[in-house]
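Step one of this worksheet: look at the structure below.
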Protein chains: 2
Amino acid sequence: MPKPRIKTMEDLSVAIGVSRPTLSRFFQDPALVKAKTVARIEAGLERVEYVPNFFATRLNRKTTGIIGVIIPYLNDLFFTKLLQSVESAAMEAGLTVITQCSHSDPAIEARAAETFMSMNVDGALVAPLGEHSDQGVQMRLKSRLPFVMMDSRPKTLLDVDFVGTNHAQSTGLITEYLCRVGPPPVFLAMPRVNFNALEREAAYIAEMERMGFEPEVIGGGQVREGGYFEEHGEAVLDEAFGQGRLTERSILCVNDRVAIGAIRAAARHGLVPGRAAKGGLRIAGHDDYPLCPYLNPALTTVAQNTDAIGKKAVSLILQLISGEGGGGAPEVTLFDGSLRLRESA
Amino acid sequence: MPKPRIKTMEDLSVAIGVSRPTLSRFFQDPALVKAKTVARIEAGLERVEYVPNFFATRLNRKTTGIIGVIIPYLNDLFFTKLLQSVESAAMEAGLTVITQCSHSDPAIEARAAETFMSMNVDGALVAPLGEHSDQGVQMRLKSRLPFVMMDSRPKTLLDVDFVGTNHAQSTGLITEYLCRVGPPPVFLAMPRVNFNALEREAAYIAEMERMGFEPEVIGGGQVREGGYFEEHGEAVLDEAFGQGRLTERSILCVNDRVAIGAIRAAARHGLVPGRAAKGGLRIAGHDDYPLCPYLNPALTTVAQNTDAIGKKAVSLILQLISGEGGGGAPEVTLFDGSLRLRESA
DNA sequence: TTCCATTTTTTACATGCGTAAATATCGGGC
DNA sequence: GCCCGATATTTACGCATGTAAAAAATGGAA
């Protein structure tokens, strides 16, 4: 029952009586070979076990058909959602995607970039670590191959194609909403800033000033241990609520994971944030983390259009690969966020 | 400022005046080359841009140093946690890991397996889809290379090395706990069963019978639309609570994501599951999903030792690669679960 | 049957590097 | 200054496939 294993195309050629160049063309695209021959090859493949060597094929082709993707975290559903969008778009385009997670370590990120260059990938898609990223690495990537950044845009790397969210719009939107339905919100930030966090904070401040309110940012100062988003949100608000502060305020969290911690802190102090509670505590987030609808109370937030971001990033890379882009100014696409009104604010 | 790019080791050889075979040894392991020569090479590399071709190197080595990992879902923090554990263990062993997500599609899973075989990976680590996996594919993998399964163990593939959780123990543990502190629990299952779900259900039933209670399984029958775990848990309990059923029972959910939906349903009906509430509603889960501590109420559950599972899986693969294993019976390692008592039960 | 266009085969070279064997070079101890 | 052991270089071949060009085979229309 076990089929004989054949290792090389050469051997396969003699085994099924079709020349190696023809087999080569067949494995690249059966349409390049006459139907009758295709049938003969396929019949032969029924009887033996053979798969073309991935490395040997990629070694010679002018194009590898691979794109490399780097994301900073794996244990964050926002990035996995983005990754799914990228993968499905890439698969549709017939590309193989190799994903590497930098695990919030610049050294690992650099190693991943190195790997992609050594693979001659057709293009690279990276969601950077923020200020911790080694920008030299990204400059090298950009100078060597089609390169698109996603999600977070380093201020020192503005001449790169970028796809992300318009945080001025998205954060402005929810800030305006919070101001409209309750007391002007405070902004719950993170100590370890990334560029998105900074942009959101700036957008919050701008919108507050536009509406004539005094912006107030908390939680951005001291670096705490652990550093997980939820833990940070809970710790900051646990302290505040414990001192009787902020219990009747609106709190805009820099992202949903921080907001999850914030809601938890509220619950521990017997507080129930909610849009229904006139004048009382409200908590809102940013991103539309997949679990938002299932929290208690369900989290009001601004959704990032991760699906559009992933699709656009892939199409941009495709465009760059085909040599259409790269001429003038970098192409920057920002998608608007959209309000998700639920219970918490 | 831009360094000259060098494409081949041959060219590098003439550029920095060190022979190609020596360079080859250097890139495989600098320790194979005398310190003085290493210094000369590194000085040379400062002045030019060169990375060895990934495919060419892997094509000739007897061992590629790559292990392939397949996981069924990306948008599930349990699997990303497991993946992180695997990645860090593999990195420590000096292996490159290529991860593919099957997106709960057997065809994609099969394609990923094919890719791994065509890469001559040193070994494959797969968390299968459950009954939907194409077992033929996995048999081929097993027959071709070091192969270890994780997390879920197909009943028809028992002769494969496996690392996972002892669900009889873990589910028995929490079932016993629930019986001890409150009314005997019902089991909230999933329609689309995977093997773990079945094992947990069986363990629940066995433990209930051992303690002299009547097991009761709900939510396992009809297949609903959407099918996300949280949605399922919420839908089933929303219906039950709406009819006044189960409001004073203990509910053991097949996993934490279902439990998250269950807690949400409780909240929508004004119910607060809790271990403090004597005689009242209790909800428990399984897995110790990372967000459990931040739910309201915080979810009582049984933790899977994902870290140990990942480490062990990698060490098993390593052992298989070195040719030590594979002789007799398959090596099956099951880690015990441990109770995480929080608020919900 | 003959001829033409399409497809396949033959032949040869290319890809970038691993690896082995023989030869050359280096540095140090005597 | 000589000799030895450790390294480095030279040379040559192998890995599994892509690819191009020329020659041969195929198949259908006239």
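Just so we're on the same page: letters track the sequence lines, and every chain starts at 1.
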Side chain of [X]: nearest nucleotide among [options]?
X	options	result
B:T37	C:dC17, D:dT7, D:dA16	D:dT7
A:V18	C:dC17, D:dA16, C:dT9	C:dT9
A:T8	D:dG27, D:dA16, D:dT9	D:dA16
B:Q28	D:dA16, D:dG27, C:dG18	C:dG18
B:N53	C:dC17, D:dT11, D:dA8	C:dC17
A:N60	D:dG27, C:dT15, C:dG16	C:dT15
A:R25	C:dG27, D:dA8, C:dT8	C:dT8

Rounded to whole angstrom units, what separation is found between the [atom1] atom of [X] and the [atom2] atom of [N]?
X	N	atom1	atom2	value
A:F55	D:dT17	CZ	C1'	13 Å
A:L32	D:dG18	CG	C1'	13 Å
B:R61	C:dA20	CZ	C1'	17 Å
B:I6	C:dG16	CD1	C1'	14 Å
A:L23	D:dA16	CG	P	16 Å
B:K36	C:dG28	NZ	P	8 Å
A:F27	D:dG18	CZ	C1'	14 Å
B:M9	C:dG16	CE	C1'	8 Å

[X] side chain near [Y] side chain, heavy-atom distance below 4.5 Å:
X	Y	value
B:T115	A:T96	no
B:M117	B:E114	yes
A:L23	A:S13	yes

### Query
NA contact type, A:F54, heavy-atom cut-off 4.0 Å: base, sugar-phosphate, or nothing?
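Nothing, no nucleic acid heavy atom in range.
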
### Query
When all nucleic acid strands are considered with a 4.0 Å heavy-atom cut-off, which category describes B:P52: base, sugar-phosphate, or nothing?
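Sugar-phosphate contact only - B:P52 comes under 4.0 Å of backbone atoms but never of a base.
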
### Task
Of all the heavy-atom pairs spanning A:T37 and A:V33, show the shortest one and how long it is.
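Smallest interatomic distance, heavy atoms only, reads CB-CG1, 3.4 Å.
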
#### Entry: Position toward the 5' end of DNA chain D (nearest nucleotide), B:L59 or B:T22
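Comparing both residues, the 5'-ward one is B:T22.
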
OP1, OP2 of [N] versus side-chain N and O of [X]: anything below 4.0 Å?
X	N	result
B:Y50	C:dG16	no
A:S19	C:dT8	no
A:T57	D:dT17	no
A:K34	D:dT26	no

#### Entry: B:R58 to B:F54, cation-pi by 6.0 Å centre distance and 45° axis angle
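So B:R58 does make the cation-pi contact.
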
### Query
Under the 3.5 angstrom rule, does the side chain of B:R153 hit a backbone N or O of B:F195 as a donor-acceptor pair?
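No, because the side chain of B:R153 does not come within donor-acceptor range (under 3.5 Å) of the backbone of B:F195.
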
### Query
With a 3.5 Å cut-off and just heavy-atom distances, do the side chain of A:R20 and the base of D:dG18 make a donor-acceptor pair?
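Answer yes: a donor N or O sits under 3.5 Å from an acceptor.
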
